[in-house]
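Lettering of chains follows the sequences in order, A, B, ..., and the numbering in each one begins at 1.
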Amino acid sequence: MTKTARTEQASEPHTHIERYDPGSIEPHWQARWAELGLHDTDLVDDARPKYYLLTMYPYPSGDLHIGHWYIVTPSDALARFRRMHGYNVFFPIGFDAFGLPAENAAIKNGGHPFTWTMHNIETMRRQFRSMGATFAWKNEVVTADPSYYGWNQWLFLRFLEAGLAYRALSAVDWCPNDGTLAREQVEGTDRHCWRCGALVEKRDLEQWFLRTTAYADELLDFSGIDWPEPIKIQQTNWIGRSEGAEIDFEVAPDDYQPGGDVLRVFTTRPDTLFGATFMVVAPEHPLVPKLTHPDRLAEVEAYVGQARRRTEIDRLSTDREKTGVAIGAVAINPVSGERIPIFVADYVLATYGTGAIMAVPAHDERDFEFAQAFGLEIRRVVAGPDEASHGPMTAAYIAHAADAMLVNSGPYSGMPADEGGKAIVAWLAETGRAEPKVTYRLRDWLVSRQRYWGTPIPVIYCPTDGLVPVPDDQLPVLLPETVDYAGSGDNPLNHDEAFLRVDCPRCGGPARRETDTMDTFMDSSWYWFRYLSPDEAGGPVDREMTDRWTPVDQYTGGAEHAVMHLLYARFFTKAMADCGLVRDREPFRRLFNQGQILGADGERMSKSRGNVQDPDELVARYGADTVRLFLMFMGPWDQGGPWSPTGIGGVHRFLNRVWTLVVDPHGREPGDPEAGSLPAAETEARARAGLRSAAHRTLRDVTTDYEGFRFNTMIAKLMELVNTLFRYRGTVLAGRPEWDETISLLLLMLAPAAPHITEELWSRRLERAGRPWTSIHEQAWPEVDPNAVVEATREIPVQVNGKLRDKVTVPADATTADIEAAVLGRERIRAILNGRAPDRIVMAGGGKLVNLVIR
RNA sequence: GCCGGAGUGGCGGAACAGGCAGACGCGACGGUCUCAAACACCGUUCCUUGCAAGAGGGUGCGGGUUCGAUCCCCGCCUCCGGCACCA
């Protein structure tokens with residue numbers, strides 16, 4: 001099929017041997033695979049079991065960098081590995097095409113986000129093909145295309161109907177010149193705008209939310225999906241379920257207000273209510289302006305202004321000294337009737353619980369610090385069994401156990417803490433002043449973005465009819481093609497009259513479009529469904545296809561998506577299932593988080609840092625197979641790390657050795673004094689059996705390494721096999737059946753990782769054997785011969801007091817008594833024992849290791 | 001700061017279930033081939049000590065459990081990811 005004429009030279013040891021030239025074989029096979037449609041997936045073929053392999057689709061940032069290769073090529077190896085196991089593999093790709101960088105580029109350099117994005121996609125498509133990846137290009141999805149984002153709108157409207165979408169006020173980082181800023185657009189400790197330098201403030205805007213909290217409990221349930229434990233833990237912590245109670249505190253009347261306002265708090269520790277000696281409300285709490293005394297107003301306003309400029313990370317830092325301001329008003333502790341002061345402090349967030357807390361300094365670290373800083377009363381109301389019930393406290397006492405008792409708690413003193421807490425809530429609940437409550441750290445998903453380059457949110461505001469959803473038959477709401485940034489970062493849709501003006505679908509009167517667009521996480525929350533029917537015009541998904549192909553069998557992507565994307569995707573799937581659109585409630589059956597390749601400087605690769613590594617140069621020099629293999633060999637796939645091409649030569653040398661073994665098995669290297677002869681102690685028969693055994697043991701290990709994503713050790717084992725083969729090159733073994741079998745296994749095992757060189761060598765072998773061509777990638781994965789794997793003897797390490805002192809070789813079927821006798825008979829061991837008997841003989845793992853203990 | 005992860009030779013890493021620390025590769029050193037160099041090939045390479053056989057030390061730091069700890073427990077240090085508008 002390819003370069004036929006040259007192969008027969010291979011058997012002559014000293015004629016010119018054709019060298020491995022990836023530059024010619026790689027494009028050849030890539031073209032041929034495309035021509036044969038070898039990797040297009042027949043989505044309706046049910047003769048074979050399906051396997052949906054999904055890799056997180058890339059953002060079209062410009063060029064493909066080495067990080068993309070790191071993400072994609074091991075996934076492609078998995079796709080090929082599964083195909084060889086008889087699966088009908090679907091391995092699609094697309095582009096996450098909306099987002100901030102396209103707009104930044106447009107603002108900076110002029111031009112249109114669309115042009116910039118599509119140009120990048122074109123480049124990246126071309127580069128992706130040079131990897132030899134087996135993507136199902138026919139199913140490609142580009143999210144910035146109306147045929148995709150129109151269905152974002154359709155789905156949004158279904159969620160709106162289902163009560164899962166709603167509007168509410170929410171704060172954004174705001175620059176007076178450039179409008180809403182993303183987090184990365186706010187710079188410096190003084191938090192100024194990246195473009196104009198103005199100090200950033202918070203502004204409350206009416207924005208759209210999706211009700212992720214409605215699924216909080218279901219999202220905590222990971223049964224039935226095989227995800228890495230750390231990811232499940234991170235999601236669980238992110239959702240942050242807390243059981244407790246909401247309790248009402250009444251504001252006392254004073255000279256400035258009549259009292260009676262209710263401050264509702266959430267607490268996980270209602271048992272400590274008698275110890276609540278003050279209250280803290282978030283600076284954003286709606287009652288702050290009303291309750292603040294005039295003499296406190298200036299200070300409170302200054303504090304609130306300051307707090308609102310801080311980041312949440314900063315505010316929640318337990319490191320920072322506690323700050324706050326008393327507002328002057330006083331609340332009544334509902335159980336003790338005591339008057340307790342109310343503070344604003346930035347460590348209480350408006351977005352968690354009720355935005356107000358009862359502060360129990362004796363039993364909460366943050367409250368303790370605050371009380372110390374402000375000289376407030378710290379009153380112990382819980383004591384452990386071995387603790388004094390009274391006396392000064394030097395730190396908050398956080399009761400862990402059920403054996404903690406309530407003290408100083410009126411009629412509840414002496415009760416176990418957990419029981420007392422329930423009793424206190426039950427008592428207050430009788431008069432409607434408390435109720436048991438579960439709160440989550442998880443917030444509803446803010447999907448509004450004040451930007452042009454995203455999916456327009458399909459609603460209309462009418463002076464008569466209010467909020468009107470865009471009717472389905474008027475979808476998609478298209479982004480206007482011309483866009484004028486007018487030198488500002490503000491959303492151009494706000495100034496686009498043609499876009500803004502619309503007739504109300506209900507009354508026909510003049511109305512105004514929503515100008516917010518959707519968070520791009522919306523796009524990535526269902527794209528794998530769309531891959532299955534990218535051209536479907538009747539709906540976002542083809543139900544028959546999604547029922548057949550989802551959930552995704554294996555998802556691979558970066559761990560940086562542990563909480564946001566991966567949680568949104570789970571939420572979306574559940575919400576779509578509840579809207580009757582898909583069957584399953586979980587999107588990804590199995591997840592693997594690969595690490596990230598950083599720049600050589602250890603920082604994230606980005607154009608602005610100038611640390612982007614371009615793979616094209618490496619591909620030109622070594623070929624795609626070497627680059628693929630090197631990325632897999634560098635280290636464990638889930639680890640990532642700083643990029644360094646050091647060592648790529650070793651991988652290239654390995655492929656060269658594979659090449660040499662196949663095209664020139666009888667050749668001899670002048671550098672090897674032993675070349676051409678078997679090791680002195682070895683017979684041909686033993687060498688042949690040993691080679692076959694090595695091949696099958698390698699096959700056994702390589703198979704499990706692929707299955708467990710351990711590509712680095714998989715390649716190391718193939719290197720060992722190649723080293724073994726090289727020792728026998730040019731000897732009587734070359735050309736024997738065991739040699740041919742080993743070469744064949746080697747190529748098959750290597751094929752998923754290095755698809756081009758293996759295809760080339762495979763086809764040459766077929767041709768030499770006079771057999772018709774078939775692709776190596778359509779071969780069945782070979783089976784381990786269990787008889788070849790067994791070994792006749794085993795070597796057992798012998799320790800004395802835990803230190804390795806000797807090794808003893810015994811027959812594979814030796815009993816522990818045999819091993820003990822062999823060990824005690826060893827000269828070295830007898831010398832160490834010096835006539836004594838060991839105090840103890842430890843046979844670890846049924847005789848895997850022996851440890852003699854001498855006192 | 002909080003949540004998650006990681007720290008092993010000069011370097012990337014291996015040891016998957018508490019049982020031989022350093023597989024495999026890079027680099028370095030020595031050699032073969034060559035007029036020479038490159039390529040290729042063969043060998044050595046954790047540290048200290050010893051001619052050697054060997055001995056001692058060693059998996060970020062300090063403790064602990066165990067016959068035995070890179071692995072488990074307690075307390076730290078450093079680095080990476082995430083912290084809700086980067087994707």
Are E312(A) and R443(A) close enough for a salt bridge, meaning some N to O gap below 4.0 Å? yes
Would you measure the distance from the C1' atom in G68(B) across to the matching atom in G75(B) and give it in whole Å? 24 Å
Considering only heavy side-chain atoms of F726(A), the closest of C80(B), C42(B), C86(B) is C42(B)
Would you indicate what V172(A) reaches in the nucleic acid, counting non-hydrogen atoms under 4.0 angstrom: base, sugar-phosphate, or nothing? base
When all nucleic acid strands are considered with a 4.0 Å heavy-atom cut-off, which category describes P636(A): base, sugar-phosphate, or nothing? sugar-phosphate
Could you check whether W238(A) gets within reach of a base, just the sugar-phosphate, or nothing at all, counting any heavy atom under 4.0 Å? base
Considering only the C1' atoms, how many Å lie between C11(B) and G62(B), rounded to the nearest integer? 28 Å
Please tell me whether W526(A) and N152(A) have a donor and an acceptor in their side chains that are separated by less than 3.5 angstrom. yes
With nearest nucleotide decided by heavy atoms, which residue, G802(A) or R710(A), maps closer to the 5′ end of RNA chain B? R710(A)
Taking the minimum atom-to-atom distance to the side chain of S317(A), which one of A14(B), C26(B), G1(B) wins? G1(B)
Integer angstrom distance from the P of G50(B) to that of C61(B): 26 Å
Roughly how far apart, to the nearest Å, are A6(B) and G13(B) at atom C1'? 13 Å
At 4.0 Å (heavy atoms only), tell me whether L442(A) reaches a base, stays on the sugar-phosphate, or touches nothing. base
Q639(A) has a side chain; which of C67(B), A23(B), G13(B) sits nearest to it? G13(B)
Ignoring the backbone of P101(A), work out which of G19(B), A87(B), C85(B) is nearest its side chain. A87(B)
Looking at R653(A), does any N or O in its side chain come under 4.0 Å of the phosphate oxygens OP1/OP2 on A40(B)? yes
Shortest side-chain distance from A182(A), nucleotide among C67(B), G12(B), C85(B): C85(B)
Tell me if the side-chain of K717(A) makes a donor-acceptor pair with the base of C24(B), cut-off 3.5 Å, by modelled atom types. no
Taking C71(B) as the reference, what is the distance to A17(B) when you measure between their P atoms (whole Å, please)? 14 Å
Want to settle it: does E560(A) or R320(A) sit nearer the 5' end of RNA chain B, counting the closest nucleotide to each? R320(A)
Is it true that R308(A) and D204(A) make a salt bridge, defined as a side-chain N closer than 4.0 Å to a carboxylate O? yes
Got a donor-acceptor pair under 3.5 Å from the side chain of N851(A) to the base of C67(B)? yes
Testing D519(A), T213(A), T212(A) one by one against W445(A) for a side-chain hydrogen bond (donor to acceptor under 3.5 Å, both in side chains), which residue passes? D519(A)
Looking at every strand, decide which applies to S448(A) at a 4.0 Å heavy-atom threshold: base, sugar-phosphate, or nothing. base
Do the charged groups of D364(A) and R366(A) touch, with an N to O distance under 4.0 Å? yes
Atom C1', compared across A40(B) and C51(B): separation rounded to whole Å: 35 Å
What nucleic acid atoms does Y59(A) come within less than 4.0 Å of, heavy atoms only: base, sugar-phosphate, or nothing? sugar-phosphate
Which is true for D314(A) with a 4.0 Å heavy-atom rule: it touches a base, it touches only sugar-phosphate, or it touches nothing? nothing
Base, sugar-phosphate, or nothing for Q799(A), non-hydrogen atoms under 4.0 angstrom? base
Please determine whether any donor N or O and acceptor N or O are separated by less than 3.5 Å between the side chain of Q450(A) and the base of C85(B). yes
In Å and rounded to the nearest 0.5 Å, what is the CG to OG1 distance from N494(A) to T515(A)? 4.0 Å
Determine the Euclidean distance between corresponding C1' atoms of G43(B) and G58(B); express it in Å to zero decimal places. 26 Å
Residue P230(A), side-chain heavy atoms: nucleotide from C3(B), A87(B), G5(B) that is nearest: G5(B)
Working to the nearest 0.5 angstrom, can you tell me the gap between F571(A) CZ and R211(A) CZ? 9.5 Å
Measuring to OP1 and OP2 of A55(B), would you say a side-chain N or O of R805(A) lies under 4.0 angstrom away? yes
Would you indicate what R828(A) reaches in the nucleic acid, counting non-hydrogen atoms under 4.0 angstrom: base, sugar-phosphate, or nothing? sugar-phosphate
For the base of C85(B), is there a side-chain donor-acceptor partner from Q207(A) under 3.5 Å away? yes
Regarding the side chain of E720(A), the nearest nucleotide among A23(B), C86(B), C26(B) is A23(B)
Is any side-chain N or O of R449(A) closer than 4.0 Å to OP1 or OP2 of C85(B)? yes
Heavy atoms from C-beta onward define the side chain here; which of G4(B), A15(B), C83(B) lies closest to that of T713(A)? A15(B)
Does R657(A) put a side-chain nitrogen or oxygen below 4.0 Å from OP1 or OP2 of C41(B)? yes
Ignoring hydrogens and geometry, is there a side-chain-to-backbone donor-acceptor pair from R805(A) to G802(A) under 3.5 Å? no
Sugar-phosphate only, base, or nothing, as touched by I313(A) at under 4.0 Å among non-hydrogen atoms: base
Nearest-nucleotide pick for M719(A), side chain only, options being C24(B), A55(B), G27(B): C24(B)
Counting any heavy atom closer than 4.0 Å, what does K803(A) reach on the DNA or RNA strands: base, sugar-phosphate only, or nothing? sugar-phosphate
Quick note, L849(A) side chain, CB onward, closest among C20(B), C24(B), C85(B) is C20(B)
For F521(A), report the nucleic acid contact type (base, sugar-phosphate, nothing); a contact means any heavy atom under 4.0 Å. base
Taking the same atom, P, in A52(B) and in U70(B), what whole-Å distance lies between them? 28 Å
